[in-house]
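This is the structure I have questions about; it appears just below.
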Amino acid sequence: MRIIRWLIYTVLVGALPILVRILVYLISNHLPNAVCFSPVDIVFFGLTLHISNINEVSSLKNQKVKKGEVDVISNYKDTFSGLSTLLIILLAIPLGALYLGELTDQTIINQTTAFIGAIALGVLSLVFSSIVMYNVLKLQKYGNN
């Protein structure tokens, strides 16, 4: 059930800008300046996933650990929150360059490179977020035993 909620509330909502832009493009009869895909939308998809990762990981309850045992949940929370924060920073850099390019009408970065990079970061974000959700579910099951 939690996976389905994650797919609907995180993945689908994160993909809304992409889906809406495609819908508007199709409805607009392919206007000359219309764009079907935007790297900015894909970057926001990745940002949404990583913010959700931080939220999911922080919701894990710390378990009482016997002396000498490694605190798996605490280590997990630190590792994946840190990685999600790092990926948010890495996504913010191209986002800023893309916005600056839109505001000044100057191409700061190659649009093709930005598009390919945004897709790569979006796929990486989806895979990483799936791994985080799998481990959150596994740790919650472990904690309930």
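Keep in mind that what you see is a predicted model, and the values were worked out from it rather than measured.
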* Would Leu126 end up clustered with Ile116 when hydrophobic side chains under 4.5 Å apart are linked, directly or stepwise? ->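 No, it is not one cluster - the side chains of Leu126 and Ile116 are not joined through contacts under 4.5 Å.
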
* **Spacing of CD1 belonging to Ile22 relative to CG belonging to Asp41, to within rounding of 0.5 Å** =>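 Separation between the atoms: 9.0 Å.
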
* To do: State, yes or no, whether a side-chain contact exists between Leu7 and Leu12 at a heavy-atom distance under 4.5 Å.
  =>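 Heavy-atom side-chain distance check fails, nothing below 4.5 Å.
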
* Asked: Just wondering, more than 12 heavy atoms not from Ile4 lying within 6.0 Å of its CD1?
  ->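 Not buried by this count: 12 neighbours or fewer within 6.0 Å.
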
* Measure the shortest side-chain to side-chain distance between Val136 and Phe80 over non-hydrogen atoms and say whether it is less than 4.5 angstrom. =>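 Not in contact.
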
* **Non-hydrogen atoms of Lys77 and Val57 that approach each other most closely** =>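 In terms of heavy atoms, the two residues are closest at CA-CG1, 3.1 Å.
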
* Asked: Between the side chain of Asn55 and the main-chain N/O of Ile51, is any donor-acceptor distance below 3.5 Å?
  ->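 Pair absent, no side-chain N/O of Asn55 close to backbone of Ile51.
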
* Going by heavy atoms in the side chains, are Ser52 and Trp6 under 4.5 Å from each other? ->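 Counting from C-beta outward, Ser52 and Trp6 do come under 4.5 Å.
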
* Where is the tightest heavy-atom contact between Ile42 and Phe115, given as atom of each residue plus distance? ->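 Scanning both residues, the minimum pair turns out to be CD1-CE1, 4.0 Å.
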
* Asked: With hydrophobic residues grouped by side-chain heavy-atom distances under 4.5 Å, do Leu100 and Leu95 end up in a single group?
  ->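 Both belong to a single hydrophobic cluster.
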
* **Among Leu91, Ile93, Leu121, the one residue meeting side chain to side chain contact (heavy atoms under 4.5 Å, CB included) with Val43** =>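 For Val43, the side chain to side chain contact (heavy atoms under 4.5 Å, CB included) check succeeds only for Leu91.
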
* Check each of Ser81, Ser129, Ser125 against His50 using the side-chain hydrogen bond (donor to acceptor under 3.5 Å, both in side chains) test, and report the only one that passes. =>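 Answer after filtering Ser81, Ser129, Ser125: Ser125.
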
* **Cluster overlap Leu16 with Ile119, hydrophobic side-chain contacts below 4.5 Å** =>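 No, it is not one cluster - the side chains of Leu16 and Ile119 are not joined through contacts under 4.5 Å.
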
* Asked: Are the aromatic rings of Phe37 and Tyr25 close, with centres under 6.0 Å apart?
  ->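 Not close enough - the centres of the two rings lie 6.0 Å or further apart.
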
* Asked: Do you know which two heavy atoms are closest between Asn53 and Ser84, and how far apart they sit?
  ->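 So the minimum-distance heavy-atom pair works out to CB-OG, 3.2 Å.
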
* Asked: Do the non-hydrogen side-chain atoms of Ile18 and Phe44 ever get within less than 4.5 Å of each other?
  ->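 No, side chains not in contact.
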
* To do: Report whether Tyr99 and Ile88 are members of the same hydrophobic cluster (ILVMFWY, side-chain heavy atoms less than 4.5 Å apart, transitive linking).
  =>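 In one cluster: yes.
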
* To do: Test side chain to side chain contact (heavy atoms under 4.5 Å, CB included) on Cys36 and Arg21 and set out the steps.
  => CA-CA 6 Å; Cys36 185; Arg21 187 179 297 265; over 6 Å; no

* Asked: Do Thr79 side-chain atoms and Asn75 backbone N/O form a donor-acceptor pair below 3.5 Å?
  ->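 Checked: pair present.
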
* To do: Say whether Tyr9 and Leu49 are linked into one hydrophobic cluster, either directly or through other cluster members, by side-chain heavy-atom distances under 4.5 angstrom.
  =>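 As far as the 4.5 Å side-chain criterion goes, Leu49 and Tyr9 are not connected within one cluster.
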
* Measure the spacing between CZ of Arg5 and CD1 of Ile3 and express it to the nearest 0.5 Å. =>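 Spacing of CZ (Arg5) from CD1 (Ile3) equals 10.5 Å.
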
* To do: Search all heavy atoms of Val11 against all heavy atoms of Phe45 and return the closest pair with its distance.
  =>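 Heavy-atom minimum between the residues: O-CE1, 3.5 Å.
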
* Nearest heavy-atom pair of Ala114 and Pro39: which atoms, and what distance? ->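 Reported closest heavy-atom pair: O-CB, 3.9 Å.
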
* Flag side-chain contact, heavy atom, 4.5 Å: Leu83 against Phe128 ->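 Yes, at least one pair of side-chain atoms sits under 4.5 Å.
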
